Amino acid sequence: ISSRLSTLKTPFSTASAQTRISFWKDTLKMWNDFPLFGTGLGAFKHVFLRYKTISGSGKMLFTHAENDYLETLAETGILGIAVLLAVFIVFSKRVFSSFCSSADAGEASFIAGGLAGCLALLVCAMTDFVFHIPSCLFIFLVTGAMLLPSEETHRRQVSFSWGRNKKGFIFLMAGIAAGAVVLIFFSVKLFLGQACFYQYTRAAEYASKEKYLKKAVFFDGHNADYQYRLGMLYFTQAERVREADKGEDPDVILLAKKYF
């Protein structure tokens with residue numbers, strides 16, 4: 001902990017900071033070529049390959065800019081950022097108005113706590129891809145929705161008895177159940193991907209390595225490390241085949257082409 005705290009004296013001199021600064025400069029160059037509409041949502045990891053300048057990046061894959069705001073700017077352009085900024089201004093105005101006009105200490109404390117949580121995620125997004133992590137985005141959206149004030153000027157006390165709020169309870173439980181199913185589904189997929197990757201690390205033969213890496217990519221297709229390792233496995237095997245055969249056997253040549 002002390003070693004991490006000591007980096008606060010010179011925060012921009014650490015390797016992590018220098019890497020992020022390099023990402024941000026390259027991302028701005030990418031936005032400069034697509035200023036109005038951006039490259040398109042989800043296109044960052046593909047287009048960024050043309051702009052990356054970080055040392056040794058030829059064998060590295062980058063899926064995010066380590067800054068959600070710059071990545072959004074690069075993918076959606078000025079128009080996309082303008083829309084998000086307008087939504088943020090309207091949301092902030094309504095929530096702060098509700099906080100200032102609240103006469104209940106409990107409600108004011110709830111709003112203050114929710115705002116602190118949302119603000120923490122917004123600040124963290126300056127140096128990370130927070131809103132590309134489903135759990136963080138889900139928490140942010142749910143907290144923001146809970147902070148929005150009612151359309152009524154004077155809020156009424158709601159009774160949570162089953163008889164008066166039967167439909168509300170049903171919809172609430174159905175929403176929670178659906179959300180739980182989705183979260184469990186994606187969690188199981190990630191777990192299976194990690195399990196297959198673990199089997200890959202223990203495999204000794206090429207066929208086994210390829211089988212487990214393919215399964216890992218199938219379960220977690222957004223994992224750049226799995227994709228990179230599978231590509232390098234194909235490349236290495238193709239090099240070995242060419243070295244062994246010297247390109248004389250047609251069957252081996254076809255095999256090598258498959259790996260490329």
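Computed from a predicted structure; not experimentally measured.
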Between Trp31 and Ile78, does a side chain to side chain contact (heavy atoms under 4.5 Å, CB included) hold up when you go through it step by step? CA-CA 9 Å; Trp31 166 74; Ile78 296 176; 3.9 Å; yes

Between the side chains of Glu205 and Lys209, is the shortest nitrogen-to-carboxylate-oxygen separation below 4.0 Å, so that they form an ion pair?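 Between Glu205 and Lys209 there is no salt bridge, as every charged N stays at least 4.0 Å from the carboxylate O atoms.
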
Pairs of donor and acceptor atoms involving the side chains of residues 64-71, under 3.5 Å and at least two apart or interchain, shall be tabulated with distances.
unit_1, atom_1, unit_2, atom_2, d
His64, ND1, Glu71, OE1, 3.3
His64, ND1, Glu71, OE2, 3.1
Glu66, OE1, Arg20, NH2, 3.3
Asn67, OD1, Tyr69, N, 2.9
Asn67, OD1, Leu70, N, 3.0
Asn67, ND2, Met126, O, 2.7
Asp68, OD1, His132, ND1, 2.8
Asp68, OD2, Val130, N, 2.9
Asp68, OD2, Phe131, N, 2.7
Tyr69, OH, Leu122, O, 2.6
Glu71, OE1, Ala65, N, 3.1
Glu71, OE2, His132, NE2, 3.3

Kindly compute the distance separating [atom1] ([X]) from [atom2] ([Y]), expressed to the nearest 0.5 Å.
X: Leu213; Y: Met232; atom1: CG; atom2: CE; value: 12.0 Å
X: Leu119; Y: Cys124; atom1: CG; atom2: SG; value: 11.5 Å
X: Tyr226; Y: Phe218; atom1: OH; atom2: CZ; value: 14.5 Å
X: Thr19; Y: Trp24; atom1: OG1; atom2: CH2; value: 10.5 Å
X: Met30; Y: Leu49; atom1: CE; atom2: CG; value: 10.0 Å
X: Leu79; Y: Leu73; atom1: CG; atom2: CG; value: 11.0 Å

Between [X] and [Y], is there a donor-acceptor pair closer than 3.5 Å when you use the side chain of the first and the backbone of the second?
X: Ser98; Y: Arg94; result: no
X: Ser22; Y: Gln18; result: no
X: Glu75; Y: Phe44; result: yes

Using a 4.5 Å cut-off on heavy atoms from C-beta on, say whether the side chain of Phe37 contacts that of Thr76. no

Heavy atoms only: give me the nearest Phe96-Leu115 pair and the separation to one decimal. CE2-CD1, 4.1 Å

Closest non-hydrogen contact found for Phe91 with Gly144 is CE1-O, 3.3 Å

In sequence, state the C-alpha distance, the side-chain angles, and the governing distance for Tyr206 and Leu233, and then conclude on side chain to side chain contact (heavy atoms under 4.5 Å, CB included). CA-CA 8 Å; Tyr206 166 79; Leu233 182 67; 3.6 Å; yes

In short, ring pair (Phe, Tyr, Trp, His ring centres under 6.0 Å) pairs touching residues 173-192 with sequence neighbours left out are none

Identify whether [X] and [Y] are in the same connected component of the hydrophobic contact network (ILVMFWY, side-chain heavy atoms under 4.5 Å).
X: Val83; Y: Ile89; answer: no
X: Leu84; Y: Leu41; answer: no
X: Leu28; Y: Phe23; answer: yes

Per-pair distances, 0.1 Å, donor-acceptor, side chain in residues 192-204, under 3.5 Å, sequence neighbours excluded:
unit_1, atom_1, unit_2, atom_2, d
Tyr198, OH, Arg202, NH1, 3.3
Thr201, OG1, Tyr198, O, 2.5

Do Phe219 and Leu190 pass the side chain to side chain contact (heavy atoms under 4.5 Å, CB included) test, and can you show the C-alpha distance, the side-chain angles, and the key distance before you say yes or no? CA-CA 6 Å; Phe219 288 120; Leu190 293 176; over 6 Å; no

Could you list the residues that satisfy side chain to side chain contact (heavy atoms under 4.5 Å, CB included) with Thr143, not counting sequence neighbours?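 By the side chain to side chain contact (heavy atoms under 4.5 Å, CB included) rule, Thr143 matches Cys118, Ile139, Leu147.
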
Linking Ile, Leu, Val, Met, Phe, Trp and Tyr through side-chain heavy atoms less than 4.5 Å apart, which residues share a cluster with Ile133? Phe129

Output all residues satisfying side chain to side chain donor-acceptor pair (under 3.5 Å) with Tyr51, sequence neighbours left out; order by chain, then residue number. Asp33

Derivation and outcome, side chain to side chain contact (heavy atoms under 4.5 Å, CB included), residues Leu141 and Leu137: CA-CA 6 Å; Leu141 292 177; Leu137 180 60; 4.0 Å; yes

